[in-house]
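Structure first, commentary second.
Just so we're clear, the structure is a prediction, and the values are computed from it rather than from any experiment.
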Amino acid sequence: MTATNLQITTGIIRQTTTPPLGSKTGAAWAVLLSLFLIACSDDYPEDDGGRAPAGADVNAPKSRLLEHPETGERLAERQVLVRGNASEPASLDPQLVQDSVGGAIVVDLFEGLTRSGPRGDTEPAMATSWASSNNNLTWTFQLREDGRWSDGSRVTAQDFVYGWRRAVDPEVGSNYAYYIESAGVANAGEIIAGEKAPDTLGVRAVDDFTFEVTLDEPITYLPDMTVHYTMFPAPRQAIEAHGEDWTRPGKMVSNGAYTLNAWHIGEKLVAARNPRYWGDDSTIIDRVVYLPIESSSAELQRYASGELHMTSTVPVSQMARLKKERPKELVMVPSMATYMYAFNVNRPPFDDVRVRRALTYAIDRNIIVSYITRGNQMPAFTLTPPYVSGFDFRQPEYATWSQTRRDEEAREALEEAGYNEGNPLEFELLYNTDESHKALAIVVSQMWKEKLGAKVTISNLEWKTFLSEKQAGNYGIARFGWKGDYNEASTFLTLLTSDSGNNDGGWSNETYDQLLLDARSSDDPNPYYVRAEEILWQAFPVVPVYFNTTVALVSPSLKGYPEKNPRNIVYSKDMYITAD
C-alpha cells in the first residue's frame, strides 16, 4: 500500500556515540531503555471538562438528527469530527497519493469500486456488483446509477477508465503505477515503460454504468485491490480545467462522502459533507477537520485537552501510562503493516549481503516490542505479516535462534566482510522525524554499536523531504513502513520487485520477479510466495523489525471507529459523535 508515517517534526538531528563493544543482557537493556523513555516522556494535561475540539468552530450546521437512527444514542448537536493526521499531505490527487497521510483524507473525499468494511472485508461502493469470466481474465463491475460528482455530474465507467489510465501514464508520474501492473491489467507494464499509449490499458466502458477490466494474467482478488485510491475514478472535467491546481478548495471535484472545504497549510484541512454523495442520507458527520500535528507528544497533549476526537498514533514513551489511565480510549488492533529498515544495496557497505545479514541478526526484536513500542506488536523476521488472509506464514531459521546465537552469527558475518575493531563499520541511519521513530533509531543503533562495534550516525528529516530523499536513493539505510493495500500477500511481496515504484533501495532479483509474476496466474499462489520470502531471507534487502498494530486514542464520544479492521482504513462517514 502505502508508505506509512506515524508522526513528524521539522528539522534535522544528528547523534553519534561509540560505546565499548560488549553484549548487554535483557535486564541491562531494560534498564537502559527505561531510563531513555523516562527522559523523553512528556506530561500531558488532564481533561478540561469538555473543551470544544480545536477547529470545531468551522462553519457547520446543526445535526440533522437528534438520535442515531439505529442505536438510539443521543447525538451531539454539531457533528464536527477533529482528527490528528500526522503531517501535511503531499497530494490529494488519488493517483498521486503515496502515503498514509494523504490516503486518510482521500478516502473521505473520493470513493472507488469497493471499500473496506468494519472488519476489513471488501464491500460494494461505487460498484454494486462484479463478476469474472474467461478464467478470471475479464472482470466486469456494475456501477450504481445514483453516483454523482460534487459538481452534480454523473460518475460513469468513463471516469474509472480515465483514472486508471492516469495511474499508469508516465507523464502523470504516479509512484503507484506499478500497482495497476501488479493487478495484471493488460498492457500496464508496457505503458509504464513508455512502449504503449495509456489508451491501450485493458479497461473500457461497456456503457455508462458497466466498467470492464481485461487482465494479462488471471487474478482472483482484483475486487480487493480496487479498495485502494490509485484505482479511484478521476474527474476529467476538473483536471483538464485546472491542471495541477485541481486539488485545491473551490476547484476540486470529488465523488466521496465529503468535499474539500478549506485547506490552511500547517494549520488544518476541512472537509464538508457532500450532499450529492449517493449515501449522504446515512452520513452523520457534517465536517471533518484534519490537523497536521507534527509531534505525537503534542498530539497527545491536544487530545488530553479535549481538542481532538482521535489521534493518529501514540508516543511510545506514554504507552504504559495510557494503558493504565485511559484503557478504554486506547485502541490497539493488529494491522497488516510491517515496520522495517530498508537498505540501499547500490551504496557501500550495503552492497555486501554479509553486512546486511549482520545488521539484521543483531537487532533484538523482543526487546523492542517489550520495552519500546509496547503496543502489542509482534517481532518480525519476514516481510509479510501472519494476519494476511490465506497466507502460508513461515519464518526463517534464524527466527528460532536465541538472540545470543544471532549476535554471534552477526559478528562472524561482519568479520567476513572485513570489518572489525580496527576497521569499524560506519554509516548513517535515516528516519522521518518523530519521537517514536527516534526512540527506535537510538536503540537499534545502540544495539549495532554495542554488539558489532559499528559507528552509526542517526539523522532525521521531515516527512516530505524524507520521502523525496528516499525515493531519490539518497540514503544508506532508512526507516521504512508498509501497510497492505489489500488483504493478500502480494501487496507486500510486490513491494520489492524490480519495477516497483517503492523499491528505491535498488534490490533486484530475476527469480523473485518471476515468482511474483507466476503467482498471479496460479490457483494456489502460496508456494510462489513462500519461495519469494525465502529469497528475501537470503538476500536481506530490508530488515523487518515488527508487525505493527494500529495504536490510537479515540474519544468516548466518537463512535464507529473500526477497531477490528486490520487494513486500518478509517472512513469518517462511518462514525458519529454522541452528546456528553
### Query
Yes or no on side chain to side chain contact (heavy atoms under 4.5 Å, CB included) for Val551 and Gln377, after CA distance, side-chain angles and deciding distance?
CA-CA 10 Å; Val551 182; Gln377 292 85 359; 4.2 Å; yes
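- Under the 6.0 Å distance and 45° angle rule, Arg276 does not count as a cation-pi partner of Trp149.
- Of all heavy-atom pairs spanning Ser490 and Glu488, the tightest one is OG-OE1, 2.7 Å.
- In this pair, Trp463 and Phe466 present their aromatic rings parallel. The plane angle is below 30°, not in the 30 to 60° band.
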### Task
Quick one: do Leu322 and Val314 satisfy side chain to side chain contact (heavy atoms under 4.5 Å, CB included)? Show the steps, please.
CA-CA 9 Å; Leu322 292 170; Val314 170; 3.2 Å; yes
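- Taking each heavy atom of Thr122 and Thr114 in turn, the nearest pair found is CG2-CB, 3.6 Å.
- Annotation: side chain to side chain donor-acceptor pair (under 3.5 Å) contacts of Arg115 (sequence neighbours excluded): Glu123, Asp574.
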### Message
If you apply the rule side chain to side chain donor-acceptor pair (under 3.5 Å), what do you find for Tyr178 with Asn503, and how did you get there?
### Response
CA-CA 11 Å; Tyr178 82 93; Asn503 182 10; over 6 Å; no
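- His437 and Tyr339 have tilted rings, their planes meeting at an angle from 30° to 60° on a 0 to 90° scale.
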### Message
Does Ser296 form a side chain to side chain donor-acceptor pair (under 3.5 Å) with Glu435? I'd like the steps, not just the answer.
### Response
CA-CA 7 Å; Ser296 55; Glu435 296 96 315; 3.1 Å; yes
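- A pairwise comparison of heavy atoms in Val97 and Gly103 identifies CG1-N, 3.5 Å as the closest pair.
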### Message
Walk me through whether Asn565 and Ser116 qualify under side chain to side chain donor-acceptor pair (under 3.5 Å).
### Response
CA-CA 8 Å; Asn565 186 346; Ser116 178; 3.0 Å; yes
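- Closest approach of Arg83 to Ala104, counting heavy atoms only: NH2-CB, 4.1 Å.
- Residues Phe232 and Val227 share a closest heavy-atom pair of CE1-O, 3.4 Å.
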### Task
Quick one: do Arg273 and Asp280 satisfy salt bridge (Lys or Arg N to Asp or Glu O under 4.0 Å)? Show the steps, please.
CA-CA 8 Å; Arg273 201 182 79 246; Asp280 182 54; 2.7 Å; yes
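- Residues Tyr387 and Phe393 place their aromatic rings such that the two centres sit no closer than 6.0 Å.
- Evaluation of the side chain to side chain donor-acceptor pair (under 3.5 Å) rule for Ser557 yields Ser555 as partners, not counting sequence neighbours.
- Between Ile363 and Val543 there is a side-chain heavy-atom pair separated by less than 4.5 Å.
- With values rounded to the nearest 0.5 angstrom, Lys559 atom NZ is found 10.0 Å from Leu75 atom CG.
- The ring of Tyr290 has its center no closer than 6.0 angstrom to the ring center of Trp263.
- Seen from the ring of Phe480, Lys470 counts as a face-on cation partner, given the 6.0 Å and 45° thresholds.
- Every residue was checked against the side chain to side chain donor-acceptor pair (under 3.5 Å) condition with Ser335, not counting sequence neighbours, and none meets it.
- One finds no salt bridge joining Glu88 and Lys464 here, because no Lys/Arg side-chain nitrogen approaches an Asp/Glu carboxylate oxygen to under 4.0 Å.
- Salt bridge status for Lys564 with Asp121: absent, with no side-chain N to carboxylate O gap under 4.0 Å.
- Between Asp286 and Lys62 there is no salt bridge, since no side-chain nitrogen of the basic residue lies less than 4.0 Å from a carboxylate oxygen of the acidic one.
- The shortest distance between side-chain heavy atoms of Thr313 and Glu299 falls below 4.5 Å.
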### Task
Show your reasoning for whether side chain to side chain donor-acceptor pair (under 3.5 Å) applies to Asp108 and Ser572.
CA-CA 6 Å; Asp108 279 348; Ser572 295; 2.6 Å; yes
